[in-house]
There are 2 protein chains.
Amino acid sequence: MIITEMSVYCSMDIVEISKILSNELRVNILHWLKDPEANFPPHTDLKHFNDGVCVQYIGTKAGIAQSTVSQYLSWMQKAGLVIATRHGKWTYYRRNEEAIAKYIKHLSNNL
Amino acid sequence: MIITEMSVYCSMDIVEISKILSNELRVNILHWLKDPEANFPPHTDLKHFNDGVCVQYIGTKAGIAQSTVSQYLSWMQKAGLVIATRHGKWTYYRRNEEAIAKYIKHLSNNL
DNA sequence: AAAACATTTTGATAATTACCGAAATGTCGG
DNA sequence: CCGACATTTCGGTAATTATCAAAATGTTTT
């Protein structure tokens, strides 16, 4: 997928975001990240989900290759839908609620 | 009967609609149909845009083959985004504002 | 420094989507 | 009914996306 860099401050591209949301796995990931406690086991190192969930757990839950989920999350981050935080060897991903809300508002104004 | 997780959480329609919105031409069509007077010449037979715009005009404006735009509109109709009305040999397409609004509300609740 | 582990990047191929032209269907006027 | 015209459906190829395994990169621990 061709992803153009974007931040919350740029106008969100409906086509780009829709490309991401046109895959069930990616929509599911976004949904699971809404409630990490309910959808993932606790992290062994961190005792919280403040920065989201590590790639490994998301990949296991999704049932696809680690490399694929890593790429998905990378696209989602470039599109502004999630935020990545690195703690040691783990990268945690969480929803970018502000951007998601902004996108939905953008949709309701421009679609 | 096989009960899937979909009964609890259905991402299917988000994926389906997003597939449609992941193409710039289709997003443009939806946008043009918001204001037919501003985006299309008047119809020769009908003196209004009450039922939307005929396939021919949309295809010309989009700059793609008639058959392609017809297929796009057919998908968009199946997904509920537009409404088709036949008058004689012409088919007019207009936005399904109710469905669009409903989808956006669905997104803000479930994405 | 090297082993061990999480993640990312990099090819590669299968699957899907984009889009066209041709053929088929539906509709109107003579 | 027949031609003319709008639209739809069909069959095909080019382009894009899905997804994997392997290689590369970071990071921690020994």
Item to check | Cluster check Ile83(A), Ile17(A): I/L/V/M/F/W/Y, side chain < 4.5 angstrom | outcome: no
Checklist entry - Nearest of dA18(C), dT9(C), dT17(D) to any side-chain atom of Arg26(B)? => result dA18(C)
Checklist entry - Quick one: Trp90(A) CH2 to dT25(D) C1', roughly how many Å, whole number? => result 17 Å
Checklist entry - Can you check whether Tyr72(B) has a side-chain N or O nearer than 4.0 Å to OP1 or OP2 of dT9(D)? => result no
Next on the checklist: Over all strands shown, is Tyr93(B) touching base, sugar-phosphate only, or nothing at heavy-atom distances under 4.0 angstrom?
Outcome noted: sugar-phosphate
Next on the checklist: Regarding Tyr57(B), tell me which of base, sugar-phosphate or nothing describes its non-hydrogen contacts under 4.0 Å with the strands shown.
Outcome noted: nothing
Item to check | Distance, rounded to the nearest Å, where Ile29(B) contributes CD1 and dA18(C) contributes C1' | outcome: 13 Å
Checklist entry - Rounded to whole angstrom units, what separation is found between the CG atom of Leu25(B) and the P atom of dA15(D)? => result 17 Å
Checklist entry - NZ of Lys78(B) versus P of dT9(D): gap in Å, rounded? => result 6 Å
Item to check | Whole-Å gap separating P (dT8(C)) and CD1 (Ile64(A)) | outcome: 13 Å
Item to check | d(CG, Leu21(B); P, dT17(C)) in whole Å | outcome: 14 Å
Checklist entry - Nearest of dT7(D), dA6(C), dT8(C) to any side-chain atom of Gln56(A)? => result dA6(C)
Next on the checklist: Below the 4.0 Å mark, does dT8(D) have OP1 or OP2 next to a side-chain nitrogen or oxygen of Ser70(B)?
Outcome noted: yes
Item to check | Protein proximity profile, nucleotides 23-30 of chain C - base contact B, sugar-phosphate-only contact S, no contact -, cut-off 4.0 Å on heavy atoms | outcome: ---BSS--
Checklist entry - Rounded to the nearest 0.5 Å, what separation is found between the CG atom of Leu111(A) and the CD atom of Glu97(B)? => result 9.0 Å
Item to check | Nearest-angstrom distance from the residue atom CD of Glu24(B) to P of dT17(C) | outcome: 19 Å
Checklist entry - Between atom NZ of Lys19(A) and atom CG of Asn23(B), what is the distance when rounded to the nearest 0.5 Å? => result 8.5 Å
Next on the checklist: With rounding to the nearest 0.5 angstrom, report the NZ to CG distance, Lys61(A) to Leu25(A).
Outcome noted: 11.5 Å
Checklist entry - Considering residues at least two apart in sequence or located in another chain, which fulfil the ring pair (Phe, Tyr, Trp, His ring centres under 6.0 Å) criterion with Tyr92(B)? => result His43(B), His87(B)
Next on the checklist: Rounded to whole Å, please give me the gap between CD in Gln71(B) and P in dG12(D).
Outcome noted: 15 Å
Item to check | Side-chain (Arg94(B)) to main-chain (Phe49(B)) donor-acceptor, under 3.5 angstrom | outcome: no
Checklist entry - With Tyr93(B), which residues qualify under ring pair (Phe, Tyr, Trp, His ring centres under 6.0 Å), at least two apart? => result none
Checklist entry - Under 3.5 Å, is there an N or O donor on one side and an acceptor on the other linking the side chain of Ser67(A) and the base of dA21(D)? => result yes
Next on the checklist: Quick check for you: among dT8(C), dC20(D), dT8(D), whose closest atom lies nearest to any side-chain atom of Thr91(B)?
Outcome noted: dT8(D)
Next on the checklist: Can you see if the side chain of Asn23(A) gets near the phosphate of dT19(D) - specifically, an N or O under 4.0 Å from OP1 or OP2?
Outcome noted: yes
